[in-house]
Protein chains: 2
Amino acid sequence: MTPADTRERLLAAAERHFSQYGFAGASLRQVTADARANLAAVSYHFGSKEDLFVAVVERLMAPINRERLGLLDQAESRAGAAPLEVEALLEILIGPVLRARKGGGRTLRLFARSQIEDPALCKRIVEGPLKVIKPRIEAALARALPHLGRQELAYRLHFTMGAVKSVAGDQHALRAFSRGLCDPDDVEGTLRQLVAFLAAGMRAPGAAARRSPRRSAAKERSR
Amino acid sequence: MTPADTRERLLAAAERHFSQYGFAGASLRQVTADARANLAAVSYHFGSKEDLFVAVVERLMAPINRERLGLLDQAESRAGAAPLEVEALLEILIGPVLRARKGGGRTLRLFARSQIEDPALCKRIVEGPLKVIKPRIEAALARALPHLGRQELAYRLHFTMGAVKSVAGDQHALRAFSRGLCDPDDVEGTLRQLVAFLAAGMRAPGAAARRSPRRSAAKERSR
DNA sequence: GTCTATAAAGGGATAGAC
DNA sequence: GTCTATCCCTTTATAGAC
C-alpha cells in the first residue's frame with residue numbers, strides 16, 4: 001500500500017458500487033469500506049460524491065477512447081481517400097468498449113446510468129469523455145453512408161449506442177431474456193452479432209429513398 | 001377527491017418521481033407530497049416502496065401490452081397462414097410504447113430503469129408485465145425471419161429493445177446527442193426511423209450465411 | 001494524508017389516534 | 001382511510017486532532 005494509492009482503491013471500489021447500484025443507490029460508506037479507506041478520504045481526494053462518479057467514468061472511458069482514436073487513425077490512413085466500411089467503423093466504435101474489463105459490463109452500465117440518472121451528471125459525461133471521439137466517428141460514418149441525411153445518421157447512431165448499451169443493461173438481462181441462449185461473456189460472439197445487425201440497419205435506405213426512390217440524395221443530405 | 005383516489009394520485013406521482021430520479025433516487029416523502037397524500041398512505045395502499053414501484057410499472061405497461069396483443073391478433077388473423085412482415089411486427093412491438101403518454105418517455109425510462117436497477121426489481125417486472133407478450137412477439141418474429149437461428153433472433157430482439165429504450169434514456173439525450181436534429185417528441189417520425197433501421201438489422205443474413213452462404217438454414221435454426 | 005467524531009439532514013416504515 | 005408523531009437507521013459532508 002503505497003501512499004495515496006488510496007485514491008486508486010477508491011476509484012476501483014466506486015466503479016463496482018456505482019455500476020451495480022447506480023449513483024443514488026451507492027453509498028460512500030460502502031464504497032470506502034470496500035476500498036479499505038476512510039469515509040473522509042472521498043472528500044479529500046475527490047471533493048464530493050458526484051465528483052467521484054465523474055472521475056470513475058472518466059477513468060473508465062479514457063483508455064477506450066484512446067484505443068478508438070488510434071484504430072480510427074490507422075484505418076483512415078490505410079484507406080487513404082476512400083471512405084471506410086461501415087462494419088469496420090462499427091468495430092472501432094464498439095470493439096474497444098466490449099473488450100474492456102468484464103466484457104465492458106461495468107463501462108456500459110456506468111455509461112447507461114450516466115445518461116439515465118441526473119441530467120446534470122449526464123451533461124458532465126457528454127461534455128467530458130465524449131467530446132473528442134463522437135464527432136470523429138460521426139464524420140467517418142457520414143462518409144461511409146452518403147445515402148443518409150444528417151438527421152437520419154444521428155438517429156441511427158443513437159439507436160446503435162442503445163443496442164450496444166443493451167448488452168450490459170443488467171448483468172443478467174441478456175441471458176435471462178434469451179433464456180440462456182445468449183452469453184454476454186462471449187465478447188467476440190456478441191460483437192459479431194452487434195456489428196452484423198447494426199451494419200444492416202445503417203445501410204437501410206434513407207427516408208428520401210423510402211418516400212420517392214427517384215429523388216436526388218442531395219436534398220436529403222441537407223436535412 | 002373521491003375516497004381513495006389517493007391511490008391513483010400516489011401512482012401518478014410515483015410514476016413521475018421514479019421515472020425521473022430512479023428507484024433509489026426517488027423519496028417517498030417527495031412522492032407523497034406531490035400526490036397531496038400522507039406518507040403513511042404508501043404503506044397502507046401498497047406495502048412498501050418496492051411494491052409501489054412494481055405497481056407503477058404494471059399500471060403503465062398493462063394498456064400497452066393489451067394494445068400489442070390486440071394488434072397482433074388482428075394482424076395474424078388477417079394474414080391467415082402467411083407469416084407477418086417484419087415491419088408490421090416491429091410497429092406492433094414499438095408503436096404502442098412510443099405512442100403512450102409523452103411519447104412513451106416515462107414508460108421507457110421506467111422500463112429501462114427496472115432493468116438496470118436492482119436485479120430483484122428487474123425480475124419482478126420480467127415475470128409480471130412481460131410474461132405473456134414477449135413469447136408471442138418472439139414466435140411471430142421467428143416465423144417472419146426463418147433465416148435466423150434461435151440464438152440470433154434472441155440477440156437481435158435484445159438489441160431492438162435497446163434501441164427503443166435509447167430514445168427515452170434521458171429526456172434530452174437524443175436531442176443533445178444529435179444537436180437538435182432529432183426530436184424525440186416527434187413520435188411518428190422517430191417510429192419510422194426505428195422501424196426502418198431495425199427491420200434492416202433483423203433481415204441481415206444470419207451467421208450461417210455469413211460463414212458459408214451455401215449451408216442450409218435448418219442447421220442454423222436449431223442453434 | 002489519514003483518522004475520529006459529529007453535525008445536519010433525510011430516508012423508509014409503523015404504532016396508534018381519529 | 002387518513003392522519004400525526006416518532007422510531008431507528010442511513011446518508012453526505014466537514015471540522016479538527018494526529
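Protein chains get the first letters and strands the later ones, always in sequence-line order, with residue 1 at the start of each. The structure displayed is predicted, hence computed values, not measured ones.
Annotation: the span from S166(B) atom OG to M161(A) atom CE amounts to 10.0 Å, rounded to 0.5 Å. To the nearest 0.5 Å, the span separating CD1 on I133(B) from CD1 on I64(B) amounts to 11.0 Å.
Between the P atom of dT2(D) and the CZ atom of R36(B) lies a distance of 12 Å, rounded to the nearest Å. Counting to the nearest Å, the C1' atom of dG1(D) and the CZ atom of R9(B) are 12 Å from each other. dT14(C) atom P lies 16 Å from atom CZ of F46(B), rounded to whole Å. In this structure, the CD atom of E50(A) is 19 Å from the P atom of dT11(D), given to the nearest Å. Straight-line distance from the CG atom of L10(A) to the P atom of dG1(C): 13 Å, rounded to whole Å. In this structure, H45(B) atom NE2 and dG12(C) atom P are separated by 17 Å, rounded to whole Å. Protein atom CG of D5(B) is 11 Å distant from nucleotide atom P of dG1(D), rounded to whole Å. Across the protein-nucleic acid pair, R7(B) atom CZ and dG1(D) atom P stand 10 Å apart, rounded to whole Å.
In this structure, of dG11(C), dA13(C), dA13(D), it is dA13(D) that holds the atom nearest to the side chain of L39(A). Which of dA13(D), dT4(C), dG12(C) sits closest to the side chain of N38(A) comes down to dT4(C). Picking from dG1(C), dT14(D), dG1(D) the nucleotide with the shortest atom distance to the side chain of Y44(A) gives dG1(C).
Residue A26(A) is in sugar-phosphate contact alone, with no base atom involved, counting any heavy-atom pair closer than 4.0 Å across all strands shown. In this structure, A40(B) reaches the bases: a heavy-atom distance under 4.0 Å links it to at least one base atom across the strands shown. Among the atoms of the strands shown, only primed sugar atoms or phosphate atoms (P, OP1, OP2) are found under 4.0 Å from some heavy atom of S27(B).
With no hydrogens or angles considered, no side-chain donor-acceptor pair links S178(A) and Y155(B) at under 3.5 Å.
Side chain R29(B) to base dG12(C): a donor-acceptor pair is found below 3.5 Å.
Residues P96(B) and L71(B) meet the side-chain proximity criterion, which asks for heavy atoms closer than 4.5 Å.
Annotation: F23(A) is in aromatic contact with F18(A) [ring centroid separation under 6.0 Å].
Put simply, T6(B) has a side-chain N or O that comes within less than 4.0 Å of OP1 or OP2 on dT2(D).
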